[in-house]
Number of protein chains: 2
Amino acid sequence: MTSVGRSVTIQDVANDSGVSVATVSRALRGLPNVAPSTRERVQESAERLDYHPDPAAARLASGRSRTVAMAVPSLDSWYFTQVMAGVEAVLTAAGYDLLVFAIDSDSARRRMTQGPLVKRADGLIIVNIKLSADESAALASAGVKVVSVGAASDSFSSVRVDDERVAELAVEHLMSLGHRRIGLAGHGDDPMKFDVPLDRRSGYRNVLERAGLTVDEELERGAGFSVAGGSEAAAHLLDLDDPPTAIFAMSDETAFGVMRAVWDRGLRVPEDVSVVGVDDHEFSAVVGLTTIRQDVTEHGSVAARLLLDRFVDPAIEATKYAVPIALIERKTTSAPAVIRH
Amino acid sequence: MTSVGRSVTIQDVANDSGVSVATVSRALRGLPNVAPSTRERVQESAERLDYHPDPAAARLASGRSRTVAMAVPSLDSWYFTQVMAGVEAVLTAAGYDLLVFAIDSDSARRRMTQGPLVKRADGLIIVNIKLSADESAALASAGVKVVSVGAASDSFSSVRVDDERVAELAVEHLMSLGHRRIGLAGHGDDPMKFDVPLDRRSGYRNVLERAGLTVDEELERGAGFSVAGGSEAAAHLLDLDDPPTAIFAMSDETAFGVMRAVWDRGLRVPEDVSVVGVDDHEFSAVVGLTTIRQDVTEHGSVAARLLLDRFVDPAIEATKYAVPIALIERKTTSAPAVIRH
DNA sequence: AACAAGGCTGCAACCGCTTACAATTCTTGC
DNA sequence: GCAAGAATTGTAAGCGGTTGCAGCCTTGTT
């Protein structure tokens, strides 16, 4: 029993409905030049026989895989999986498959831009990964459409937030509360070299400069977009001779780490140190973190949609989609205990 | 420029190395019965030409896709993505592709067990989803190997924790601190009908009964494994005439929601209400949540490994792998303010 | 009534790889 | 030195669709 019964093929449907396999193929895929009555008959047969085209065969014959790959630096981060949720929803609705890759090594990265991956997907969504010119060219010449989330690009569409503005919103908020010595946690050398941290640092500096303050590089501390990174950065900042009264963390996860470090020193948030993050992570509401909200799932759904559009019309121009942002004030920011000037 | 150049095929390698395509195929896949010298020559050609077999063609010819699908109730939960990280790492190392599906509707569920999915993957990893006998049979007869994470099964391998024991550890810990009125947040009618919540409730009840306490169903409050669910459940429990002095939440995410609700009432954790969760989520350390630790990523890697084993030896028997657990005491549990008896 | 123009269908050639089976070449035992 | 058996390699038939091209039927024209 449970023999792996040969599954029903297009030939079976053709026999059943009395037409050729070519007509079945055309009828089922909604191509023109099929008599309505024929199409109906074929559809009825297909349904009755529970026919499902073999994706491998279709792929081989057509050269299209109806699959898109998504490459992220790591799978265990909240941000990436939120994006993935958005991507998956749109793709599934359109009948596309989603292939997932973690790009956590050079070899994985090579796999992404060279042979293997390319033959598996029609499109690629990269998240917080910046491609080199060579890599972009390789993908383009292989016919793989790319959409970038997080990092901008000239050669393909991207969806991101205005990162400078994100930082400006956060820092302006802290300035308006009276803070003048504001730490920065989160820029730094990202292994994937993408520009989000740099843009956010620019925004941070813009606000300080516009207010006539001098930028103190001592207050800028690199950190991964992670809890651990935030803790490490905050520990450093709090140990300064003249520590900041507020810290702008480049992501909520970083901010949680910052808060942890503040608490570990017996200090209070926001009485001793104000903290503001970016994302509006699910737990931000739990701990009352003030943050710059962005709809991360929307990043994913927009990216998927842009890619699908590109499939139907390859000539469509690359667009830069900016997701809206907003300051969400909660309980981790307040006026500094001692106003400095 | 950037013309989509025809990529190099097995025929090109055959020509280059002066053998037939059949020999190339055998040589490159490491099959026996290929002269060492020939194999070497073929490998050298393949490498020089940058040959990568077309997965669609291989799939069509062999009937195997070297792809496994992973189905989760939702993609935006910490738990599922941790599992995914473990799965992806193992799969990628073995040269397998990972297809991801969110099973959030009946139609998605049907898609999983019937035609479409089955033709896309050799194996399926389901997380916190319990298959009906019909569904299992459908997959088996289609030749798809299944491994379950979270839910147990008789027909295929599963990896999970001893859920009764998880709950016992948590509740025993609370009892040892002196708590006698302990709330439960998290069991309840899961849309995917899986048994983790029920088993954990059993464990919870076991401890109470062993201690000679009567089970008060009023203290058992359903909730999704989410922050919102935890808040809702805790709000209900705290409104009881005789509220619990401690709450066992079935996941850390649930526990965070519980804590939120406690704080919202102006109460303190653990002084007024002790809280213990399950998972050891990344943020548990941040907020100091006492929890029952389980290595979720390991769930994924073990599941993937079991599946791969099954591919090489289909006759291998279904195993039930239990991931170790441990109580991690932090700062959300303490003796109750008033010891009742 | 003859003819051109479409609208539908079927034919058949791939797509690139796997794998039975046949063919050829080596080894070995005697 | 020769036949049998083992080790290699080649031949060719699929796998299940897609799609360019040709052929057959209707219709509408003149």
Side-chain angles (χ1 to χ4, degrees), chain A residues 4-43 45-46 49-67 95 115-116 118-120 122 142-143, chain B residues 4-43 45-46 49-67 95 115-116 118-120 122 142-143:
Chain A
V4 182
R6 201 183 59 70
S7 68
V8 12
T9 73
I10 198 173
Q11 183 66 62
D12 298 324
V13 178
N15 294 154
D16 186 79
S17 50
V19 296
S20 70
V21 296
T23 298
V24 173
S25 175
R26 285 186 285 247
L28 259 26
R29 283 182 302 143
L31 296 189
N33 291 335
V34 174
S37 62
T38 305
R39 192 187 303 272
E40 204 170 328
R41 189 151 34 89
V42 170
Q43 285 172 332
S45 281
L49 298 179
D50 193 31
Y51 166 69
H52 298 283
D54 182 322
R59 159 70 160 119
L60 181 57
S62 72
R64 269 159 274 123
S65 60
R66 290 191 74 82
T67 296
V118 156
K119 295 191 176 167
R120 292 168 156 70
D122 299 334
Chain B
V4 182
R6 200 182 59 70
S7 67
V8 13
T9 74
I10 197 173
Q11 182 67 61
D12 298 324
V13 179
N15 293 154
D16 186 78
S17 50
V19 297
S20 70
V21 296
T23 299
V24 173
S25 175
R26 286 185 286 246
L28 261 25
R29 282 182 303 144
L31 295 189
N33 291 336
V34 174
S37 62
T38 305
R39 191 188 304 272
E40 204 170 326
R41 189 152 35 88
V42 170
Q43 285 171 333
S45 282
L49 299 179
D50 193 31
Y51 166 69
H52 297 282
D54 182 321
R59 158 71 161 118
L60 182 57
S62 72
R64 269 159 274 120
S65 60
R66 290 190 75 81
T67 296
V118 156
K119 295 191 175 168
R120 291 168 158 70
D122 298 335

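Residue numbering restarts at 1 for every chain, and letters A, B, ... go by the order of the sequence lines.
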Calculate the interatomic distance between [X] atom [atom1] and [N] atom [atom2]; express it in whole Å.
X: A:Gln11; N: D:dT18; atom1: CD; atom2: C1'; value: 14 Å
X: A:Asp12; N: D:dC15; atom1: CG; atom2: P; value: 11 Å
X: A:Asp54; N: D:dG14; atom1: CG; atom2: P; value: 18 Å
X: B:Leu60; N: D:dG14; atom1: CG; atom2: P; value: 14 Å
X: B:Arg26; N: D:dT9; atom1: CZ; atom2: P; value: 8 Å
X: B:Arg120; N: D:dG16; atom1: CZ; atom2: C1'; value: 14 Å
X: A:Leu28; N: D:dT18; atom1: CG; atom2: P; value: 9 Å

Taking only residues two or more places apart in sequence or in another chain, which ones pass side chain to side chain donor-acceptor pair (under 3.5 Å) with [X]?
X: B:Thr67; value: none
X: B:Arg64; value: none
X: A:Arg59; value: none

**Prompt:** Does A:Val19 reach the side chain of A:Arg41, with side-chain heavy atoms less than 4.5 Å apart?
**Reply:**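 Of all side-chain heavy-atom pairs linking A:Arg41 with A:Val19, at least one is under 4.5 Å.
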
What is the minimum heavy-atom distance between [X] and [Y], and which atoms define it?
X: B:Val24; Y: B:Ala14; result: CG2-CA, 3.6 Å
X: A:Lys119; Y: B:Asp54; result: CD-CA, 4.0 Å
X: B:Asp122; Y: B:Gly63; result: OD1-O, 4.3 Å

Does A:Val19 reach a base, just sugar-phosphate, or nothing at all? Heavy atoms under 4.0 Å.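 Counting heavy atoms under 4.0 Å across all strands, the contact made by A:Val19 is with sugar-phosphate only.
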
| message | For a quick check of understanding: with a heavy-atom distance under 4.0 Å over all strands, which category does A:Ala22 fall into, base, sugar-phosphate or nothing? | response |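 Counting heavy atoms under 4.0 Å across all strands, the contact made by A:Ala22 includes a base.
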
- Could you tell me the separation between the OH atom of B:Tyr51 and the CD atom of B:Gln43, rounded to the nearest 0.5 Å?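 So the OH of B:Tyr51 and the CD of B:Gln43 are separated by 13.0 Å.
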
**Study point:** Euclidean distance, B:His52 NE2 relative to B:Ile10 CD1, rounded to 0.5 Å
**Key:**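 It comes to 14.0 Å.
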
Counting just side-chain N and O atoms, does B:Thr23 come under 4.0 Å of either OP1 or OP2 of D:dG10?
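Yes, within the criterion.
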
#### Entry: Angle of first-five versus last-five pair axes in the helix from C:dA1-D:dT30 to C:dC30-D:dG1, to 10 degrees
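For the helix from C:dA1-D:dT30 to C:dC30-D:dG1, the axes at either end differ by 40°.
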
Item to complete: Without swapping roles, check the side chain of B:Ser17 against the backbone of B:Val13 for a donor-acceptor pair under 3.5 Å.
Response: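 Answer holds: yes.
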
#### Entry: Qualifying residue for side chain to side chain donor-acceptor pair (under 3.5 Å) with A:Ser45, from A:Asn15, A:Asp12, A:Asp16
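Single side chain to side chain donor-acceptor pair (under 3.5 Å) partner of A:Ser45 among A:Asn15, A:Asp12, A:Asp16: A:Asp16.
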
Heavy-atom contact window of chain A on DNA chain C, given 5' to 3' at under 4.0 Å:
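The contacted stretch runs from C:dC8 to C:dG16.
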
Item to check | Nucleic acid contacts of residues 30-41 of chain B, taken as heavy-atom distances under 4.0 Å to DNA chain D | outcome: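 Result for residues 30-41 of chain B: B:Asn33, B:Val34, B:Ala35, B:Thr38, sorted by number.
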
